[in-house]
Amino acid sequence: AQKVTQAQTEISVVEKEDVTLDCVYETRDTTYYLFWYKQPPSGELVFLIRRNSFDEQNEISGRYSWNFQKSTSSFNFTITASQVVDSAVYFCAFLNRDDKIIFGKGTRLHILP
Amino acid sequence: DTEVTQTPKHLVMGMTNKKSLKCEQHMGHRAMYWYKQKAKKPPELMFVYSYEKLSINESVPSRFSPECPNSSLLNLHLHALQPEDSALYLCASSQVLRGGVNEQFFGPGTRLTVL
């Protein structure tokens with residue numbers, strides 16, 4: 001069975017702290033895609049990053065960084081020096097070979113001023 | 001233009017009404033999607049269109065009827081809905097369905113309330 005697990009339901013940190021959101025996936029596919037999306041209170045899902053299964057290079061984009069490790073089936077997301085505007089629900093997602101995107105349950109992140 | 005637009009933003013309808021949700025993108029994407037999202041839950045896939053043909057139907061009740069009139073437009077026709085169908089309906093598009101650049105870009109959603 002294919003599955004995405006975001007074990008952290010809700011996290012609260014004080015502004016300027018670093019925070020890591022965990023994502024673990026299960027699949028027997030050799031080719032797959034992983035994504036992170038942000039959903040602020042307005043409701044729109046905002047695409048953050050895509051990774052395919054052949055590319056284990058970590059990525060940094062400003063204050064955001066992603067750590068993809070196939071050995072542990074994890075695709076974790078770190079926000080450095082968090083800001084109040086980072087408050088949102090973050091979804092990790094997996095695209096399977098049937099072209100269906102499977103979302104994790106999401107992590108609700110609160111950045112406290 | 002890197003935007004997916006959805007209308008209306010909010011919709012309240014009775015169980016006997018017929019209404020439609022509209023989604024539009026002008027990014028040249030050839031795959032379009034409908035999702036349903038209940039409060040505090042992840043989005044659930046309903047339908048996928050690829051090159052204007054229905055590619056995936058996730059066993060959605062027939063009271064939801066999708067339509068893709070052209071490559072930029074996606075509609076969701078609603079008829080005889082139930083109160084439990086109240087949710088945020090999200091439209092998304094991606095360049096292609098299989099392989100290639102397949103990240104999905106989402107619209108702001110239509111918040112539907114069925115009375």
Side-chain angles (χ1 to χ4, degrees), chain A residues 2-11 21 23-25 29-55 59 61 66 68 75 77 88-110, chain B residues 2-11 23 25 27 29-51 53-60 87-112:
Chain A
Q2 294 168 330
K3 199 172 155 184
V4 177
T5 301
Q6 294 181 255
Q8 303 146 310
T9 309
E10 206 156 340
I11 301 175
L21 309 183
C23 173
V24 173
Y25 61 94
D29 291 351
T30 53
T31 300
Y32 51 87
Y33 298 85
L34 296 163
F35 305 87
W36 275 96
Y37 284 89
K38 173 183 179 180
Q39 189 171 38
S42 58
E44 179 173 348
L45 273 101
V46 178
F47 165 72
L48 296 178
I49 190 170
R50 172 182 68 133
R51 260 290 169 270
N52 71 46
S53 50
F54 299 118
D55 182 3
E59 178 145 346
S61 175
W66 291 269
F68 176 30
F75 187 38
F77 172 31
V89 180
Y90 289 85
F91 291 100
C92 180
F94 172 96
L95 184 67
N96 68 13
R97 62 176 148 183
D98 295 326
D99 304 316
K100 295 178 189 176
I101 194 166
I102 300 167
F103 286 91
K105 292 189 175 176
T107 297
R108 186 171 296 272
L109 178 63
H110 300 278
Chain B
T2 56
E3 200 178 47
V4 177
T5 59
Q6 288 186 245
T7 53
K9 280 193 167 52
H10 300 273
L11 179 62
C23 173
Q25 57 88 11
M27 295 180 276
H29 288 178
R30 301 316 298 269
M32 295 186 78
Y33 311 76
W34 280 115
Y35 289 86
K36 173 182 176 180
Q37 186 179 24
K38 300 284 270 184
K40 301 201 177 200
K41 299 283 186 190
E44 296 172 20
L45 184 65
M46 299 174 74
F47 302 104
V48 181
Y49 274 82
S50 179
Y51 290 87
K53 287 191 176 4
L54 186 62
S55 177
I56 296 175
N57 176 340
E58 286 288 88
S59 304
V60 178
L88 180 68
Y89 287 84
L90 292 160
C91 174
S93 71
S94 62
Q95 269 198 23
V96 292
L97 183 58
R98 290 197 167 86
V101 180
N102 53 13
E103 55 263 33
Q104 296 175 26
F105 293 89
F106 285 79
T110 293
R111 198 162 294 279
L112 173 69

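A, B, ... follow the sequence lines: proteins, then strands. Residue 1 opens every chain. Predicted model only: the values in this text are computed from it and were never measured.
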(request) Give the minimum heavy-atom separation between A:Gly104 and B:Pro42, together with the two atoms involved. (result) O-CB, 3.3 Å
(message) Does A:Lys38, at its NZ atom, have more than 12 non-hydrogen atoms belonging to other residues, nucleotides or ligands within less than 6.0 Å?
(response) yes
(message) Please identify which of these residues, B:Phe105, B:Phe106, B:Tyr35, meets the side chain to side chain contact (heavy atoms under 4.5 Å, CB included) condition with A:Leu45.
(response) B:Phe106
(message) What's the separation between atom CD in A:Glu44 and atom CD in B:Gln6, rounded to the nearest 0.5 Å?
(response) 8.5 Å
(request) Identify which of B:Gly107, B:Pro43, B:Gly109 forms the greatest number of heavy-atom pairs closer than 4.5 Å to chain A. (result) B:Pro43
(message) For the NZ atom on A:Lys3, are there more than 12 heavy atoms of other groups (residues, nucleotides or ligands in this structure) within a distance under 6.0 Å?
(response) no
(request) Please look at A:Ile49 and chain B and tell me whether the side chain, the backbone, both or neither of the residue comes under 4.5 angstrom of a heavy atom of that chain. (result) neither
(message) Check whether A:Tyr37 reaches the backbone of B:Gln104 with its side chain - one donor and one acceptor, N or O, closer than 3.5 Å.
(response) yes
(request) State the CD-CZ distance between B:Gln37 and A:Phe91, to the nearest 0.5 angstrom. (result) 5.0 Å
(request) Please round to the nearest 0.5 Å and tell me the distance separating atom CG of B:Asn102 and atom CD1 of A:Ile101. (result) 8.5 Å
(message) Can you confirm whether more than 12 heavy atoms, excluding those of B:Arg111, are under 6.0 Å from its CZ atom?
(response) no
